[in-house]
Amino acid sequence: MDLSLSGEEMYGSLGVRRIINASGTTTMWGGSKLRPEAAEVMQKTSGVMADLGELNRAAGKVLAEICGAEAGVVVSGSGGGLVMQAAAVIAGKDPANMVRLPDTTGMKDEIIIHRSHRFGYDQLYRAAGAKFVEIGDGRRCYPWQLEAAFTENTAAVAYLYAQFVSKRAIPLPQVCEIAHERGVPVIVDAASTLPPRDNLRRYIREGADMVILSGGKGIRGPQGTGILVGRADLIEAAAANAAPNAFLGRSMKVAKEEIMGLVTALRIFDQEDEEAETARYREMMQVVMDALIEVPGLRVSVQYDRIDYLVPTALIEFTSEWNGPSRDEVLQAMATGNPAIHLHQLGDPDELGVDPINLDEDEVEVVIRRLREELLRPVGR
Ligand SMILES: *Cc1c(COP(=O)(O)O)cnc(C)c1O
């Protein structure tokens with residue numbers, strides 16, 4: 001690689017185009033922009049050898065302190081964290097068990113999960129041998145349904161926090177109370193719920209025994225890293241199953257410089273002025289709103305979710321008065337245009353969004369120009 005090239009030119013030398021990611025921290029569209037400080041720390045530490053065991057323990061202490069937990073360990077994204085959570089609650093730190101996963105013969109291997117919490121990544125729990133016991137009907141769930149789901153094989157209760165799903169479940173503190181009465185841990189995946197920064201600590205505060213957060217999303221650490229924090233004995237078990245040890249987690253290894261990069265990014269993220277950040281995003285999205293507000297048939301607003309995702313997002317709703325191209329046609333045209341622009345597809349099929357977390361001011365201008373072109377394009381009849 002010619003080191004005098006720009007980043008965009010480096011991709012170009014492989015025939016790869018840069019894209020604009022207005023969809024949020026979607027991995028497929030590049031994840032997030034690595035903090036420059038993290039990149040510098042990674043560059044410096046990558047050429048210096050360290051004992052991974054010692055480094056893991058030291059980094060884990062930093063994660064635990066910032067997240068208000070007993071212990072922590074760096075994992076390979078929230079994806080890797082899901083496998084390690086399951087391995088920890090099923091096999092513990094007994095090597096005779098750990099070496100057999102995903103064969104769980106003789107181990108407690110049932111994970112109770114709300115039907116509304118089944119999600120695209122839950123195969124990663126099953127990758128460690130977990131069997132799901134589903135509760136609720138997908139729309140609601142009562143405490144008695146949870147109480148009735150425990151058996152002598154229950155290893156944990158899983159709980160998901162993500163935009164658009166979490167409100168349908170029994171509240172986490174109540175789940176923890178019910179599970180803890182039976183001596184069963186509660187494992188939380190809250191991968192993409194940062195900011196707000198309070199979510200670094202919230203789930204532990206509410207009683208969770210282990211929590212996963214992505215290092216490469218809102219925190220803007222290395223894409224492949226994740227944070228696993230929680231009860232000391234469970235984190236010890238997770239770390240035992242993880243790389244560099246030769247157990248199930250060996251295929252999910254995290255490099256020394258990635259660990260250093262995550263620690264750096266997390267410390268900076270935690271100290272940032274959240275109010276100023278939110279105000280800046282809101283201003284960026286106000287510009288998007290102003291550019292589209294007078295288009296007849298569209299309803300444009302700036303929305304954010306105080307609980308699960310604090311980044312203000314410009315929401316474009318296609319009302320019944322809309323007679324331009326369909327939402328899906330607009331999404332498609334934006335994604336296949338030049339530059340390719342990926343928008344946020346929210347829960348509702350009549351909505352699309354612009355998420356500013358991966359955009360700079362120039363990119364917002366391009367998104368607006370292209371959106372106006374596609375939205376105002378005459379529809380052929
Ligand atoms: C993004 C996400 C993951 C995967 O996280 P990575 O850090 O990309 O591995 C897992 N669970 C949820 C809920 C997510 O949003």
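Whatever order the structure lists ligands and atoms in, that order sets their numbers, starting from 1. Excluded from the calculations below are hydrogen atoms, water molecules and symmetry mates; all remaining heavy atoms, backbone and side chain alike, are included.
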_List the residues meeting side chain to side chain donor-acceptor pair (under 3.5 Å) with T336, not counting sequence neighbours, and say none if there are none._
none
*Name the orientation class of the two ring planes belonging to W144 and Y142 (parallel below 30°, tilted from 30 to 60°, perpendicular beyond 60°).*
parallel
*Under-4.0 Å heavy-atom contact with ligand 1, by part of T25 that carries it*: neither
*Contact atoms of ligand 1, heavy-atom distance to F119 under 4.0 Å*: 11 (N)
_Over 60° means perpendicular and under 30° means parallel, so tell me whether H342 and W29 are parallel, tilted or perpendicular._
parallel
*Look at atom 8 (O) of ligand 1 and say which protein heavy atom is nearest, naming residue and atom and giving the distance to 0.1 Å.*
T27 OG1, 3.6 Å
_Per-atom contacts, ligand 1 versus L160 - under 4.0 Å to a heavy atom_ = 13 (C)
*May I ask you to identify, for Q223, whether its side chain, its backbone, both or neither come under 4.0 Å of ligand 1 on a heavy-atom basis?*
neither
_Looking at non-hydrogen atoms alone, which of L82, D189, V188, T26 comes nearest to atom 13 (C) of ligand 1?_
D189
*Before accepting this row, confirm whether a basic side-chain N of the pair E134/R118 lies closer than 4.0 Å to the acidic partner's carboxylate O.*
yes
*Using distance alone, decide if ligand 1 has a nitrogen or oxygen within less than 3.5 Å of any nitrogen or oxygen in K217.*
yes
*R18 NZ/CZ over Y11 ring centroid, <6.0 Å and within 45° of normal*: no
*For atom 9 (O) of ligand 1, state which one of G224, S192, G79 supplies the nearest heavy atom.*
G79
*salt bridge (charged side-chain N to carboxylate O under 4.0 Å, His left out) pairs, two or more places apart, involving residues 30-40*: K33-E363, R35-E272, E40-K44
*asked:* If the cut-off is 4.0 Å to any non-hydrogen atom of S214, which atoms of ligand 1 fall inside it?
replied: 5 (O), 6 (P), 7 (O)
*Can V295 be reached from V330 by stepping across I, L, V, M, F, W or Y side chains whose heavy atoms are under 4.5 Å apart?*
yes
*Within a distance under 4.0 Å of any heavy atom of G77, pick out the atoms of ligand 1 and give their elements.*
7 (O), 9 (O)
_Below 3.5 Å, N or O to N or O, backbone or side chain included: is there any such pair between S76 and ligand 1?_
no
*At what distance is the nearest protein heavy atom to atom 6 (P) of ligand 1, and which residue and atom is it?*
S78 N, 3.4 Å
*With R197 as the cation and F269 as the aromatic partner, state whether NZ or CZ is under 6.0 Å from the six-membered ring centre and within 45° of the axis.*
yes
